[in-house]
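This report concerns only the one structure given below.
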Amino acid sequence: MRVLENFINGAWVPSSGTTQLDVKNPATGELLARVPLSTAGDVDAAVRAAKAAFPAWRAVPPVQRARYLFKLKNLLEQHREEIAGICTSEHGKTLAESASDFGRGIENVEHACGIPTLLMGQSLEDVSSGIDCNVVRQPLGVFAAITPFNFPPMVPLWFLPYAIATGNTFVLKPSEQVPLSQRRIFELIAQTGLPAGVVNLVNGGKDVVEAICAHQDIAGVSFVGSSNVAKIVYRRCGETGKRVQSLGGAKNFIVIMPDADMEKSVANACESAYGCAGQRCLAGSVIVGVGEAYERVRELVVAHAKAAVLGDGKQPGTTLGPVISAAHKDKVLSYIEKGLQEGAKLLVDGRNATVPGLPDGNWVGATVFEGVTPHMTIAKEEIFGPVVCLMKAKDLAEAVELANASEYGNASSIYTTNGKSAREFSTRVQAGMVGVNIGVAAPMSYFPFGGQKGSFFGDLKAHGQQGVDFYTERKIVIERWF
Ligand code: NAD
């Protein structure tokens with residue numbers, strides 16, 4: 001079986017780690033590859049290559065750096081279907097979901113192609129007589145990114161294009177559960193002729209993360225994953241004096257007002273909850289029906305859950321793929337058990353779901369709970385599976401209170417036809433990304449992406465102008481010529 005290699009200093013090299021994990025197709029159970037758990041020594045080799053490449057790379061004019069990204073964008077476009085297929089094989093989401101995942105990734109490469117403009121500073125003539133002041137943006141050195149399993153092509157591309165366009169060099173640690181999309185993307189990066197050492201990839205898990213956080217020659221780290229790990233990375237990077245943007249988990253509330261267009265709203269909310277098998281950081285998890293909306297919301301959510309077509313994401317007609325692993329399936333099922341123990345009522349039960357011909361898939365059917373109260377575990381913790389918790393609120397104020405009681409604050413949405421309710425909600429709800437009649441409020445590449453409260457640790461968010469800010473030092477030059 002193929003054992004994946006690391007990409008260091010422009011070449012594919014074996015990991016020095018002696019332990020390997022299976023990478024399996026979550027729908028079929030097929031073994032796709034083995035991924036090595038690399039060591040601190042492998043991280044050091046990648047960082048040394050990135051550090052050595054930095055002086056020459058930062059001296060390449062931004063417009064020329066952008067040309068590598070134009071080449072990369074073209075290559076990624078040419079391999080769109082292939083990489084979406086790899087994503088579905090390793091992650092399980094449907095081909096349409098993989099295409100959208102990868103498409104959002106490509107848009108970040110596209111946005112970073114505008115780096116000459118994005119990098120511009122500020123200047124003012126005569127801050128005092130004969131004295132001018134200029135602010136220039138400079139790269140800092142080596143950056144690293146540590147990414148989760150749920151968007152295999154996209155999340156690394158939230159970081160890599162901006163890090164290198166700004167003149168830094170880069171080390172990626174992709175999720176050990178889904179290393180194959182990035183393997184292919186790095187093969188395409190190699191075809192752009194980018195100088196050796198500018199980008200590097202180290203496969204692995206916790207030990208690689210710890211080595212990245214500890215390494216003295218890394219200037220900054222972008223992390224995306226669960227909040228527990230996001231907090232550890234944030235703390236460890238602080239201890240070692242690094243910049244850090246650490247994006248964590250989520251528990252997203254969706255509020256449906258009585259004046260909403262019910263059919264369209266619930267369909268959209270259910271797409272948010274069940275799309276990618278609920279494994280999106282922007283997935284709706286709790287759907288709150290306000291006042292008289294509740295009964296109709298309940299009826300429509302149940303109908304949507306029952307209509308979900310569970311199966312292999314590569315098969316036409318599948319609307320709900322498997323969850324990532326057997327271990328994750330057990331975790332989702334244990335949340336469903338916990339919900340029952342704590343008194344919630346199952347309206348649609350996805351526990352014993354099967355798919356004919358695919359006995360080894362990690363299947364969890366679309367599930368709906370009602371009677372969920374704020375103190376229940378399923379109302380508080382991130383389930384990260386196709387499970388909807390229905391709640392009732394008497395009015396908008398109570399719905400906002402329910403959402404704001406969450407320790408998380410990634411995203412939240414309202415469905416309404418009333419502008420005042422929409423405004424009230426978006427003003428008061430404590431979430432970094434807010435949707436108005438949009439269930440997956442995902443900012444495009446040219447806007448910042450990130451949550452609040454327990455969903456985000458740091459200040460500069462991912463991509464957009466904030467991504468450029470994260471990857472640059474703003475130096476102030478005050479000058480006088482005698
Ligand atoms: P995870 O936290 O298990 O893993 C994320 C990364 O951290 C992986 O690369 C993994 O190897 C590493 N890691 C795991 N455990 C570690 C540990 N104990 N010490 C050090 N490193 C460790 O997350 P996941 O299961 O891969 O991804 C799902 C999570 O990511 C969900 O919580 C989801 O909400 C979150 N997520 C958040 C965003 C966002 O924008 N906020 C986006 C995507 C995913």
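Read the numbers this way: they start at 1 and go in the same order the structure lists the ligands and their atoms. All heavy atoms count here, side chains included; hydrogens, waters and symmetry mates do not.
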Exercise for the section: Using a strict 4.0 Å threshold on nitrogen-to-oxygen distance, state whether Asp312 and Lys314 make a salt bridge. Expected result: no
Practice task
Evaluate ring pair (Phe, Tyr, Trp, His ring centres under 6.0 Å) for Phe143 paired with Tyr471, printing each intermediate quantity in order.
Solution key: CA-CA 8 Å; Phe143 276 82; Tyr471 289 119; 4.7 Å; yes
Completion exercise
Only one of His215, Arg48, Lys51 passes side chain to side chain contact (heavy atoms under 4.5 Å, CB included) with Val142, and that residue is Lys51
Considering only heavy atoms of [X], which atoms of ligand 1 have at least one such atom less than 4.0 Å away?
| X | answer |
| --- | --- |
| Phe449 | 40 (O) |
| Gly249 | 32 (O), 34 (O) |
| Asn410 | 41 (N) |
| Lys173 | 8 (C), 9 (O), 10 (C), 11 (O) |
| Asn150 | 43 (C), 44 (C) |

Option with minimal heavy-atom separation from [atom], where the choices are [options]:
| atom | options | result |
| --- | --- | --- |
| atom 10 (C) of ligand 1 | Glu210, Lys251, Glu176, Met433 | Glu176 |
| atom 41 (N) of ligand 1 | Ala442, Ser455, Gly450, Gly248 | Gly248 |
| atom 6 (C) of ligand 1 | Thr147, Val229, Leu37, Asn228 | Thr147 |

So which heavy atom in the protein is nearest [atom], and how far is it from that ligand atom?
| atom | result |
| --- | --- |
| atom 36 (N) of ligand 1 | Cys281 CB, 3.6 Å |
| atom 34 (O) of ligand 1 | Glu382 OE2, 2.6 Å |
| atom 27 (O) of ligand 1 | Pro148 CB, 3.2 Å |
| atom 4 (O) of ligand 1 | Gly225 CA, 4.6 Å |
| atom 28 (C) of ligand 1 | Phe384 CE2, 3.5 Å |
| atom 19 (N) of ligand 1 | Lys206 CG, 3.3 Å |
| atom 24 (P) of ligand 1 | Phe149 CD2, 3.6 Å |
| atom 3 (O) of ligand 1 | Ser226 OG, 4.1 Å |

Donor-acceptor pair, distance only, cut-off 3.5 Å: does the side chain of [X] make one with the backbone of [Y]?
| X | Y | value |
| --- | --- | --- |
| Ser413 | Ile438 | yes |
| Thr240 | Arg236 | yes |
| Glu90 | Leu180 | yes |
| Tyr274 | Thr367 | yes |

Exercise for the section: With heavy atoms only and a cut-off of under 4.0 Å, state how Trp158 meets ligand 1: side chain, backbone, both or neither. Expected result: side chain
Practice task
Check Val224 against ligand 1 and report side chain, backbone, both or neither, counting heavy atoms closer than 4.0 Å.
Solution key: both
So, [X] versus [Y]: side-chain donor-acceptor pair below 3.5 Å or not?
| X | Y | value |
| --- | --- | --- |
| Asn168 | Thr166 | yes |
| Glu110 | Ser445 | no |
| Ser15 | Asn203 | no |

Practice task
Give a yes or no on whether Lys338 atom NZ has more than 12 heavy-atom contacts from other residues, nucleotides or ligands under 6.0 Å away.
Solution key: no
Exercise for the section: Using a distance threshold of 4.0 Å (strictly less than), state whether atom 30 (O) of ligand 1 has a protein heavy-atom neighbour. Expected result: yes
For [X] and ligand 1, answer yes if some heavy atom of the residue is under 4.0 Å from a ligand atom, otherwise no.
| X | result |
| --- | --- |
| Phe456 | no |
| Phe151 | no |
| Ile146 | yes |

Practice task
Could you tell me whether Lys331 sits above the aromatic face of Phe384, with NZ or CZ closer than 6.0 angstrom to the six-membered ring centre and within 45 degrees of the axis?
Solution key: no
Practice task
Could you tell me whether Lys231 sits above the aromatic face of Phe223, with NZ or CZ closer than 6.0 angstrom to the six-membered ring centre and within 45 degrees of the axis?
Solution key: no
